[in-house]
Student: 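Input: one structure, supplied below.
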Number of protein chains: 2
Amino acid sequence: MKINANVCERLRFSLIKKTTIKDIANELNISPSSVSRALSDEPGVSPSLRKEIVDAAERLNYIPNSSAKSLKTRKTQTVGLIVSDIRNPFFLDFMSGIETVLFPRGYKFIVCDIGEDLEKERIYIKWLLEHGVEGILSSPCRGEDGRNNSQLYKEAVRRNIPVVFYDRILEGMERISSVTLDNRQAILQGVLHLKENGHRKLGIVLHKKGIYTIEERRMGFVEACKMLDIEINTGWIIENAVDVERASLSLESVLRSDRRPDAIISTNQFLNEVIVATVRGMGLKIPDDLSIVGFDDHSMNELIDPPLTTIRQPVKDIGKIAATILLSEIDGTRGDKSKVVLKAELLQRESVSKII
Amino acid sequence: MKINANVCERLRFSLIKKTTIKDIANELNISPSSVSRALSDEPGVSPSLRKEIVDAAERLNYIPNSSAKSLKTRKTQTVGLIVSDIRNPFFLDFMSGIETVLFPRGYKFIVCDIGEDLEKERIYIKWLLEHGVEGILSSPCRGEDGRNNSQLYKEAVRRNIPVVFYDRILEGMERISSVTLDNRQAILQGVLHLKENGHRKLGIVLHKKGIYTIEERRMGFVEACKMLDIEINTGWIIENAVDVERASLSLESVLRSDRRPDAIISTNQFLNEVIVATVRGMGLKIPDDLSIVGFDDHSMNELIDPPLTTIRQPVKDIGKIAATILLSEIDGTRGDKSKVVLKAELLQRESVSKII
DNA sequence: TTGTACGCGTTATCAC
DNA sequence: GTGATAACGCGTACAA
C-alpha cells in the first residue's frame with residue numbers, strides 16, 4: 001500500500017518536482033553528503049553504498065543542478081566565445097576547432113555575435129561575467145577612432161577570468177594571451193608571388209577600417225612593396241570596403257582609370273567574392289586582364305573560374321590553440337601569457353598570370 | 001591554527017573577492033533586500049535610495065551572480081542549440097537568425113556540435129539539462145537503423161524544458177514544435193524545372209542515409225518523377241554520399257555508363273561542390289553535357305562557372321522562427337505545438353540547359 | 001518604504 | 001566511511 005502511494009506520488013510529481021540529492025538521500029535513508037560524494041566521484045564512500053546511490057539516482061531520473069553546484073564551487077564548465085561577425089565563414093572551422101578541444105574536457109561554450117558593434121560587445125561581456133563563464137575567447141572589436149572595450153577585458157582578467165584573443169588583439173594588453181596570424185607575412189607572400197610573376201602594379205582591397213587584422217594587412221602590403229621595390233600607388237589601396245556596394249564601386253573606379261593596377265590582393269573571403277564578381281561584371285578576364293590573390297580559403301575558391309590563388313590561414317588550428325591555451329589558463333597551469341602567431345600559406349591556383 | 005586558516009582564506013580571496021548585494025548593503029547601511037529590489041528594477045524602493053544603490057553598485061564593480069539567481073528563480077536566460085554538424089554553412093545564417101531574436105530578449109545560447117553522432121547528442125542534451133537551459137533548439141540525429149534520442153527529448157519536455165526542432169524532426173513527437181522545409185516540394189521544383197527544359201533522364205545525389213531531410217528529398221524526387229511522368233532509373237539515385245570520395249566515385253561511375261542521366265539534382269551545399277568538381281574533372285561541360293540543380297544557396301554558387309541553378313531554403317528565417325517559437329513556449333504563451341513548414345525557392349541561373 | 005528570515009541544491013568542513 | 005551543519009548569493013514572503 002505504502003509502496004503504491006509512493007509510486008503514485010512520484011508519477012504525479014515527475015512532471016514538476018525535480019529530484020535532488022536530498023531526495024536520493026531520503027530514499028536510501030542516508031545523508032545528502034554521501035550522495036554528493038558518490039555522484040561526484042569523490043572518495044570516502046564504500047563501493048556498495050556508492051552503487052546503491054548511483055542506481056537510485058538513475059531510477060529517480062536525477063539530474064544535477066549546475067546552478068547550485070556553481071554557486072558553491074564557482075565553476076560552470078562554460079566559456080564564452082565572442083565573435084566579431086558570425087556570418088564570416090571563418091567561424092565554421094574555427095568553432096569546430098575549439099569544440100574538439102572543449103568537449104573532451106566537459107566544457108560548453110556560449111556564442112556571442114557582436115556584429116562589429118562595440119556596445120553589443122560590452123553587453124555580451126557583462127552577460128558572460130554574470131553567467132560565470134570560466135574564460136573568454138574573443139576577437140575584439142575596435143572602432144575607427146580606436147575606441148575599444150579593453151577596460152572590460154581587463155576587468156575580466158582582474159576577476160580571474162582568463163581571456164584569450166584570437167584573430168585580433170587589442171594593443172597594450174600584455175596580460176592577455178592571443179593566437180593570431182602573421183598578417184604582414186601573409187600579405188608579403190601574396191606580394192612576392194605577384195612580383196615573381198612579373199606584376200609591379202599592385203592594388204589591395206581592405207575591409208573595415210580599424211579592424212586589427214585589416215590594418216596589419218594594410219601595413220604588411222606597404223612594407224612588402226617597399227621591401228621588394230614595388231612602387232606604391234595610394235589610389236590603389238582601397239579602404240573600408242565594408243559592404244558589396246562600397247567595395248565594388250571603389251574597385252570599379254580604380255579599374256576604370258587609365259593608370260590601373262594589373263593585380264589585386266584581397267583581405268578576406270567576403271572580398272574575394274565581391275572582387276571576382278565586380279571584375280567579371282566589368283568584362284575583364286581573370287587573370288589575363290587582371291590577376292587576383294584572395295585571402296581566406298573557402299572550399300569553393302577552387303571551383304570558380306579561374307580557381308582562385310589564395311592566402312590561406314590555418315583557421316581550425318587557431319581555434320584549437322586558442323581553446324587549449326584558455327583551458328590551461330583556467331587550470332592555472334600556465335604562468336606566462338602566450339602570444340602565438342601562426343603563418344599563412346599561399347595556395348597557388350590560376351588567378352595570377354605570368355607576365356613577360 | 002584556525003585563525004591561520006582564516007587568514008589564508010582571506011588572503012586567497014582578497015584578490016578575487018567579488019562584491020555581492022550584501023557588500024553593497026553594508027556599504028550603505030541598508031538591507032540586502034532593498035539592494036536586490038533596486039538592482040532588479042522591482043518596485044518598492046524610493047527613488048533616492050535606488051539611485052544611491054545603483055551608484056554604489058557601479059562604484060564597487062558589482063556583477064550579479066547568475067548562478068545564485070538561477071538557483072532561486074530557475075531561470076538562466078540561456079538556451080541550448082544542438083547542431084548536427086557545425087561545418088555546414090547552413091549554420092552561419094541560421095545562427096545569425098536566432099541571435100537576432102534571442103539577443104533583444106536577453107537570452108544567450110550554448111552551441112553543441114554533435115557531428116551526426118547519437119552518443120554525443122545524448123551527452124550534450126544531458127549537459128544542457130544540467131546547466132538549466134530554459135529551452136532547446138535542435139536538429140536531431142538519426143542513425144541509419146532509425147535509432148535516435150527521442151526519449152531524451154521527451155524527458156526534457158517532461159521537465160518543462162521546451163524543445164523546438166529545426167531543419168529535421170523526429171517522427172511521432174507530437175508535443176514538440178518544429179520548423180522545417182517542405183523538402184518534397186523543394187525537390188519537386190527542381191524536377192519540374194528540369195522537365196520544363198526538356199530533361200527526362202534525371203539523377204539525384206543524396207547525402208547521409210537516414211537523415212530526415214535527405215530521406216524527404218529522396219522521396220520527394222520519386223514522387224515528383226511519378227507525378228510528372230518521368231521514368232525513374234534507380235541506378236541514378238546515388239545514396240549515402242557522405243564524403244568526397246564516396247560521392248565522386250559513385251557519381252563518376254553513373255556518368256560513365258552508356259545509359260547516363262542528362263541532369264543531376266544535388267541535396268546540399270557540400271554535394272553541390274563535389275558534383276561540380278567531379279563533373280568538371282571528367283571533362284564534361286555544364287550544362288551542355290550535363291545539367292545540374294544545386295541545393296542550399298551559398299553566395300559563391302553565383303560565381304562558379306556556370307552560375308549554379310539552385311534550390312534555396314530560407315535559412316535565416318528558419319532560425320528566426322524557431323527561436324521565436326522557443327521563446328514563446330518558454331514564456332508559456334503558446335498552447336498548441338507549432339509545425340511550421342517553409343517553402344524553398346528555385347534560383348534559376350545557368351547550370352541547366354534547354355534541350356529542344 | 002524598508003528590514004528580517006528563510007530556502008533554492010549543492011559542496012566543504014567538521015565531527016564522529 | 002558517514003552524518004550534521006554551514007555556507008555559496010540571491011529573491012521573496014512576511015513582518016515592521
Student: Taking the minimum atom-to-atom distance to the side chain of L71(B), which one of dG9(C), dG3(D), dA12(C) wins?
Tutor: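 Nearest listed nucleotide: dG9(C).
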
Student: Rounded to whole angstroms, how far apart are CG on N26(B) and P on dG9(D)?
Tutor: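 One finds 13 Å between P of dG9(D) and CG of N26(B), rounded.
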
Student: Taking the side chain of K69(B) as heavy atoms from C-beta outward, which of dG11(D), dT2(D), dG3(C) is closest to it?
Tutor: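 When the side chain of K69(B) is considered, dG11(D) is the closest of dG11(D), dT2(D), dG3(C).
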
Student: Checking side-chain contact (heavy atoms from CB on, under 4.5 Å) for the pair I86(B)/E99(A): CA distance, chi angles, key distance, verdict?
Tutor: CA-CA 10 Å; I86(B) 202 161; E99(A) 203 269 350; over 6 Å; no

Student: Determine: side-chain N/O of S70(B) to OP1/OP2 of dC10(D), distance under 4.0 Å, yes or no.
Tutor: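 So the side-chain polar atoms of S70(B) never come under 4.0 Å of the phosphate oxygens OP1 or OP2 of dC10(D).
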
Student: Within the 4.5 Å heavy-atom criterion, are K154(A) and M173(A) side-chain neighbours or not?
Tutor: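 A side-chain contact under 4.5 Å exists here.
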
Student: Would you say S36(A) reaches dT11(C)'s phosphate, i.e. side-chain N/O to OP1/OP2 under 4.0 Å?
Tutor: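 Checking dT11(C) against S36(A), a side-chain N or O does come within under 4.0 Å of OP1 or OP2.
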
Student: For N29(B) and for A68(B), find the nucleotide of DNA chain C with the closest heavy atom, then tell me which residue's nucleotide is more 5'.
Tutor: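 The residue mapped nearer the 5' terminus is N29(B).
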
Student: Closest approach to the side chain of T20(A), judged atom by atom: which nucleotide of dG9(D), dA12(C), dT10(C) is it?
Tutor: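 For T20(A), the side-chain atoms sit closest to dT10(C).
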
Student: Rounded off to whole Å, could you give me the CD1-to-C1' distance for the I53(A) and dT2(D) pair?
Tutor: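 About 10 Å, once rounded to whole Å.
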
Student: Does any N or O donor sit under 3.5 Å from an N or O acceptor when you compare the side chain of K72(A) with the base of dA7(D)?
Tutor: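 Answer yes: a donor N or O sits under 3.5 Å from an acceptor.
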
Student: For K75(A) and dT11(C), give me the distance from atom NZ to atom P, rounded to whole Å.
Tutor: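 For the pair K75(A) NZ and dT11(C) P, the rounded distance is 14 Å.
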
Student: The side chain of V45(B) is closest to which nucleotide in this list: dT2(C), dT10(C), dT12(D)?
Tutor: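 Nearest to the side-chain atoms of V45(B), counting from C-beta on, is dT2(C).
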
Student: From the set dT10(C), dA12(C), dT2(D), return the single nucleotide nearest to any side-chain atom of I21(A).
Tutor: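 Given the options dT10(C), dA12(C), dT2(D), the side chain of I21(A) is closest to dT10(C).
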
Student: Quick check: F165(B) with Y153(B) (ring centres under 6.0 Å apart)?
Tutor: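 Yes, they do, as the ring centres are separated by less than 6.0 Å.
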
Student: Select one nucleotide: of dA4(D), dT10(C), dG9(D), the one nearest the side-chain heavy atoms of S33(A).
Tutor: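 Given the options dA4(D), dT10(C), dG9(D), the side chain of S33(A) is closest to dA4(D).
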
Student: Ignoring the backbone of R37(B), work out which of dG11(D), dG9(D), dG3(C) is nearest its side chain.
Tutor: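 Closest of the options to the side chain of R37(B): dG3(C).
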
Student: Classify P64(B) by what it touches in the nucleic acid, base, sugar-phosphate, or nothing, heavy-atom distance under 4.0 Å.
Tutor: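 It contacts sugar-phosphate atoms only.
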
Student: Going by heavy atoms in the side chains, are L102(A) and L327(A) under 4.5 Å from each other?
Tutor: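 In short, these two side chains touch, coming nearer than 4.5 Å.
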
Student: Which nucleotide in the set dT13(C), dG9(C), dG9(D) lies at the smallest distance from any side-chain heavy atom of R74(B)?
Tutor: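 My answer, after comparing the listed nucleotides, is dG9(C).
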
Student: Using a cut-off of strictly less than 4.0 Å, decide whether S34(B) has a side-chain nitrogen or oxygen near OP1 or OP2 of dG3(C).
Tutor: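 For S34(B), the contact criterion (side-chain N or O under 4.0 Å from OP1 or OP2 of dG3(C)) is met.
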
Student: Which is more 5' along DNA chain C, the nucleotide nearest S48(B) or the one nearest S40(A)? Just name the residue.
Tutor: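 On the 5' side of the pair lies S48(B).
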
Student: In whole angstrom, give the distance that lies between atom CD of E42(A) and atom P of dG3(D).
Tutor: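 In whole Å, dG3(D) P and E42(A) CD are 16 Å from each other.
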
Student: Once the angle between the rings of F103(B) and Y124(A) is folded into 0 to 90°, is it parallel (under 30°), tilted (30 to 60°) or perpendicular (over 60°)?
Tutor: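 Rings of F103(B) and Y124(A): tilted, 30 to 60°.
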
Student: Taking NZ from K22(A) and P from dG9(C), how many angstroms apart are they, rounded to a whole number?
Tutor: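 Going from NZ in K22(A) over to P in dG9(C) covers 8 Å.
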
